[in-house]
Amino acid sequence: MVRGDRMKRVFTKEAVAGSVLARDVYGFGDVLILKKGTVLTAENIYSLIMKNIDWIDIEEAGQETQKSTQGTSEYQDRLKNTEEYKVFSKKYNTNLGELENGINRLIGKNADEKDVNAMMNQTMDIISGLDNGISVFDMLNGIKDYDDATFAHSINVSLICNILAKWIGMNEDEIHLATQCGLFHDVGKVAIPVEVLTKPGKLTKEEYDIVKTHTTRGYRILQDYDFLPEEVKLCALMHHERCDGSGYPLGLKPDKINRYAKLVAIADIYDAMTSARVYRGPLCPFKVIRIFEEEGFEKYDPRYIVTFLQNIADTYVQNEVLLSDGRKGQIVLINKSMVSKPIVQCGGEVIDLSKKPDLYIENIL
């Protein structure tokens with residue numbers, strides 16, 4: 001087969017590292033991002049996600065046969081043996097089924113305020129037994145070996161929004177609202193026609209465009225419920241908007257994007273990057289932070305993204321890590337000017353990764 005003769009269109013978030021691009025990829029303003037023939041890595045897959053590239057064309061051979069070989073780390077194994085994680089996991093899985101039922105009622109136009117309150121109460125209960133944001137992210141790191149279904153993603157985003165709202169100093173009412181915005185941001189995905197979501201084989205560009213309508217579909221669904229705050233509805237509409245105008249569906253500039261939607265956008269992309277899938281392991285949080293540092297400051301509100309990244313990194317101080325050269329060490333200090341490159345102690349040597357351009361954290365141990 002001649003390279004490029006057969007191609008398959010895939011969701012970027014479902015692309016497999018090692019696949020080969022069959023077409024050039026262009027971004028906002030028709031800027032060339034990756035050339036045809038590029039062998040995809042996990043990092044440039046997530047870079048494409050960051051740029052709101054929803055689909056790509058790859059050479060058809062090999063996509064279906066590659067599976068993730070990444071296992072759980074010692075860190076995750078230790079975490080899952082704690083009583084705190086077992087309680088969290090039980091609440092999380094109970095909420096998962098209830099959320100699916102509740103959102104389906106929203107879609108079916110037969111939900112009421114009690115249904116929404118019940119979904120929110122269950123979500124808040126997941127957090128109630130945890131002391132701080134560090135504990136929440138620890139728990140989510142453990143839960144990442146579940147495939148990232150729409151409903152699990154919605155819970156994750158709501159929990160991340162809850163913590164981010166606290167980190168930026170919102171009051172209790174605002175924190176509750178941020179959590180609700182995260183919980184219902186993707187409701188429109190459930191309304192995408194089944195024949196598109198379950199179509200065997202590749203989707204056409206037109207069908208991918210239908211999937212992108214989940215933002216407007218979600219907004220219209222939530223508009224039918226007068227008891228829902230307007231911010232929740234706007235987050236369903238705007239969570240794919242970006243501060244540089246490259247987002248959809250409206251291509252809004254930052255002053256026109258709802259502030260809660262800016263929070264949801266960060267939580268949405270962070271969860272998508274750090275969640276495991278059956279065909280690709282989760283990306284190390286420090287690699288995600290690096291991608292945000294390289295490409296996210298123009299796309300996300302700097303007040304929120306800087307606070308988010310610094311606090312995320314702080315959750316891993318004193319954690320054991322694997323460096324890209326194979327050495328193991330412990331994070332001792334976060335560099336505020338380059339959050340993805342902390343100071344690490346390897347035996348008797350203290351290494352400032354910000355001064356080592358070719359050395360980085362490969363994984364959390």
Side-chain angles (χ1 to χ4, degrees), residues 68 70-103 116-167 170 172 175-186 263-264 266-278 281-286 288-289 308 311-321 331 363-365:
S68 170
Q70 181 168 326
T72 59
S73 67
E74 294 176 10
Y75 163 69
Q76 289 174 318
D77 290 338
R78 290 195 305 271
L79 177 68
K80 291 180 180 181
N81 286 325
T82 65
E83 188 62 30
E84 189 177 34
Y85 176 81
K86 292 174 183 177
V87 172
F88 175 89
S89 180
K90 183 177 180 180
K91 290 181 178 180
Y92 185 100
N93 285 293
T94 299
N95 193 17
L96 196 59
E98 294 299 324
L99 180 65
E100 181 173 359
N101 293 333
I103 287 183
V116 171
N117 289 338
M119 287 184 275
M120 275 299 297
N121 289 339
Q122 288 173 337
T123 301
M124 297 301 291
D125 185 53
I126 295 176
I127 301 176
S128 64
L130 303 174
D131 293 333
N132 51 46
I134 294 176
S135 294
V136 172
F137 278 92
D138 274 344
M139 297 301 108
L140 286 178
N141 285 332
I143 213 82
K144 293 300 187 183
D145 58 355
Y146 290 98
D147 194 30
D148 188 31
T150 295
F151 303 107
H153 174 65
S154 295
I155 294 175
N156 295 351
V157 170
S158 70
L159 299 183
I160 296 170
C161 284
N162 178 280
I163 300 307
L164 178 52
K166 292 175 181 176
W167 283 342
M170 287 185 167
E172 287 301 317
I175 292 167
H176 188 275
L177 180 54
T179 308
Q180 190 174 33
C181 287
L183 192 62
F184 297 119
H185 79 285
D186 253 356
L263 296 186
V264 173
I266 293 171
D268 180 38
I269 201 76
Y270 181 83
D271 184 66
M273 288 187 185
T274 56
S275 292
R277 288 175 168 80
V278 294
L283 203 60
C284 170
F286 280 92
V288 175
I289 291 170
F308 182 70
N311 278 277
I312 285 291
D314 284 341
T315 67
Y316 295 103
V317 171
Q318 298 186 342
N319 263 105
E320 298 293 323
V321 295
I331 296 174
N363 212 343
I364 309 292
L365 297 179

Chemist: Roughly how far apart are M120 CE and H176 NE2, rounded to 0.5 Å?
Modeler: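 Going from CE on M120 over to NE2 on H176, the span is 3.5 Å.
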Chemist: For the residue pair T123 and S158, what are the closest heavy atoms and their distance?
Modeler: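 Taking T123 first and S158 second, the nearest heavy atoms are CG2-OG, 3.3 Å.
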Chemist: To the nearest 0.5 Å, how far apart are CE in M124 and CD1 in I175?
Modeler: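 These two atoms lie 8.0 Å from each other.
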Chemist: Determine, step by step, whether L99 and L183 satisfy the side-chain contact (heavy atoms from CB on, under 4.5 Å) criterion, reporting the C-alpha distance in whole Å, the side-chain angles of both residues, the deciding distance to 0.1 Å, and the verdict.
Modeler: CA-CA 9 Å; L99 180 65; L183 192 62; 3.9 Å; yes
Chemist: Hey, what's the ring geometry for W167 with F308, parallel, tilted or perpendicular (30° and 60° as the breaks)?
Modeler: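 W167 vs F308 ring planes: tilted.
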Chemist: Can you check side-chain contact (heavy atoms from CB on, under 4.5 Å) on I364 and V321, steps first, answer last?
Modeler: CA-CA 5 Å; I364 309 292; V321 295; 3.9 Å; yes
Chemist: Can you measure from CE (M139) to OG1 (T82) and round to the nearest 0.5 angstrom?
Modeler: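 Interatomic distance, M139 CE to T82 OG1, rounded to 0.5 Å: 5.0 Å.
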Chemist: Are the side chain of N121 and the backbone N or O of N117 linked by a donor-acceptor pair below 3.5 Å?
Modeler: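 Checking the backbone N and O of N117 against the side chain of N121, a donor-acceptor pair under 3.5 Å is found.
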Chemist: Check whether more than 12 heavy atoms from other residues, nucleotides or ligands sit under 6.0 Å from atom NZ of K90, and answer yes or no.
Modeler: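 It does not: K90 NZ has 12 such atoms or fewer within range.
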Chemist: Got C181 and L263 here, is their nearest side-chain heavy-atom distance under 4.5 Å?
Modeler: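 No - every pair of side-chain heavy atoms lies 4.5 Å or more apart.
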Chemist: Out of curiosity, D271 CG to L159 CG, how far, rounded to the nearest 0.5 Å?
Modeler: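 If I round to the nearest 0.5 Å, the distance is 9.5 Å.
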Chemist: Check whether any side-chain heavy atom of I266 lies under 4.5 Å from a side-chain heavy atom of I160, and answer yes or no.
Modeler: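 When only atoms from C-beta onward are counted, I160 and I266 do not touch, as no gap falls below 4.5 Å.
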Chemist: For residues V157 and D268, report the shortest heavy-atom separation together with the two atoms involved.
Modeler: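 Closest approach of V157 to D268: CG2-CA, 3.8 Å.
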Chemist: Let me confirm one number: the CG-CD1 distance from N95 to I126, rounded to the nearest 0.5 Å.
Modeler: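 Atom-to-atom, N95:CG and I126:CD1 are 4.0 Å apart.
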Chemist: Is there a side-chain contact between I289 and Y316, using heavy atoms and a 4.5 Å cut-off?
Modeler: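 In short, these two side chains do not touch, never coming nearer than 4.5 Å.
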Chemist: Taking all heavy atoms of A165 and all of A178, pick out the closest pair and write down the distance.
Modeler: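 Shortest heavy-atom separation between A165 and A178 comes out as CB-CB, 3.8 Å.
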Chemist: Who passes ring-ring contact (aromatic ring centres under 6.0 Å, His included) against F88, sequence neighbours left out?
Modeler: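 Partners of F88 by the ring-ring contact (aromatic ring centres under 6.0 Å, His included) criterion, ordered by chain and then number, come out as Y92.
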Chemist: Quick check: closest heavy atoms across D125 and S128, and the distance to 0.1 Å?
Modeler: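 Residues D125 and S128, closest heavy atoms: O-OG, 2.7 Å.
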Chemist: What's the spacing between H185 NE2 and H153 NE2 if we round to 0.5 Å?
Modeler: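 H185 NE2 to H153 NE2: 3.5 Å, rounded to 0.5 Å.
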Chemist: Determine, stepwise, if the pair N311 / T315 fulfils side chain to side chain donor-acceptor pair (under 3.5 Å).
Modeler: CA-CA 7 Å; N311 278 277; T315 67; over 6 Å; no
Chemist: Using the side chain to side chain donor-acceptor pair (under 3.5 Å) criterion, which residues pair with N162? Sequence neighbours excluded.
Modeler: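 Listed in chain order: K166, T179.
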